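Since the structure comes first, as structure tokens, the remarks are kept for the end.
Quantities reported herein were computed from a predicted structural model and do not represent experimental measurements. Just follow the structure's listing: the first ligand is 1, and inside any ligand the first atom is 1. Each residue takes its place number in the sequence, starting with 1.
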Amino acid sequence: MAKINKQQLVSLYDAQDIAKLWQEARNKAVIHHPQYGWISPNAYRAKYAGKPCPLCGQKMVHGQDIHSTLSRREAIRRGYGYNVNGETQLNQTGDRYFHPHYVSLDHKLNKARFPDKMFDPDNLQVMCWKCNNLKGDNNAYELQHTFDYIDDLAHEGLKRYTPL
Ligand SMILES: [Zn+2]
């Protein structure tokens, strides 16, 4: 009996190829949005410039000319870096570094595993790049984040209104 390669079971598709496809489609009208009609990922993202990220509440930015740089040093100088487990992280695509709260489109179901849902508007959610990065492939992240938020609110409430 042939030995099963477990690694092949993890992802049925080549994540690199899928990521490349997503990159190449950024200015093509590939998303059929119920409100915006046929729209490119880039134009879709642009609609959310200046709006708060639904997860961290920070104002999102859009426009690569203003909100990205090719220099890692310049990115750090602009304060693009953020701390993840004691290490400085930067939003990076290719050799370009982006603002931490740059608008990004998150795939609820990972695009490498569900490539047929890559441009499905129901599978897309807008959030800042940093949150998208922190979320990674963890579908429980959003729930955990909501729970933390409610927990914080509850504690804040208890501080303000001490039980009689
Ligand atoms: Zn965010």
Side-chain angles (χ1 to χ4, degrees), residues 15-16 18-28 30-36 39-115 117-157 159-160:
Q16 298 280 347
I18 299 294
K20 192 168 162 248
L21 200 72
W22 175 247
Q23 268 297 312
E24 284 168 358
R26 63 190 182 277
N27 290 313
K28 294 176 189 161
V30 285
I31 301 165
H32 194 204
H33 193 276
Q35 194 185 340
Y36 309 134
I39 190 168
S40 73
N42 219 4
Y44 186 17
R45 281 189 285 257
K47 291 192 177 289
Y48 290 84
K51 296 194 175 147
C53 166
L55 290 183
C56 70
Q58 295 291 311
K59 195 167 125 179
M60 293 188 286
V61 302
H62 191 263
Q64 135 169 335
D65 292 347
I66 311 167
H67 301 292
S68 77
T69 171
L70 291 167
S71 156
R72 189 185 163 86
R73 181 179 292 188
E74 172 62 12
I76 299 282
R77 193 194 67 78
R78 290 187 193 175
Y80 285 180
Y82 51 93
N83 188 302
V84 178
N85 301 323
E87 281 183 41
T88 301
Q89 281 256 294
L90 286 163
N91 295 332
Q92 188 181 358
T93 285
D95 47 10
R96 192 170 277 279
Y97 302 93
F98 286 81
H99 189 288
H101 303 299
Y102 203 88
V103 186
S104 84
L105 292 173
D106 172 58
H107 293 86
K108 293 177 194 172
L109 294 175
N110 183 290
K111 61 184 179 301
R113 276 176 228 159
F114 300 88
K117 299 203 185 302
M118 182 158 40
F119 304 117
D120 181 345
D122 290 338
N123 193 39
L124 296 171
Q125 53 187 348
V126 177
M127 64 178 68
C128 83
W129 198 328
K130 178 183 172 183
C131 284
N132 201 344
N133 236 352
L134 296 176
K135 177 180 169 282
D137 200 12
N138 177 9
N139 282 324
Y141 176 84
E142 201 176 338
L143 281 173
Q144 183 60 46
H145 196 280
T146 306
F147 175 77
D148 288 346
Y149 176 68
I150 291 168
D151 203 44
D152 280 353
L153 272 185
H155 278 96
E156 189 61 35
K159 262 192 279 172
R160 220 175 292 175

TODO: Return each pair, listed once, that meets salt bridge (charged side-chain N to carboxylate O under 4.0 Å, His left out) where at least one residue sits in residues 69-79; pairs must be two or more places apart or across chains.
DONE: Glu74-Arg77, Glu74-Arg78
- [ ] Can you run down the salt bridge (charged side-chain N to carboxylate O under 4.0 Å, His left out) pairs that involve residues 39-49, sequence neighbours left out, and say none if there aren't any?
- [x] none
Open item on the list: I'd like to check His107 versus Leu124 (side-chain heavy atoms, cut-off strictly below 4.5 Å). Are they in contact?
Closed with: yes
- [ ] Go around the Zn ion (ligand 1) and count every protein N, O or S atom nearer than 2.8 Å.
- [x] 4
- [ ] Please name all residues satisfying side chain to side chain contact (heavy atoms under 4.5 Å, CB included) with Ala19, sequence neighbours left out, ordered by chain then number.
- [x] none
Task: Backbone of Ser104 reached by a side-chain donor or acceptor of Tyr48 within 3.5 Å - done: no
- [ ] Can you label the angle between the Phe119 ring and the Trp22 ring as parallel, tilted or perpendicular, going by 30° and 60°?
- [x] parallel
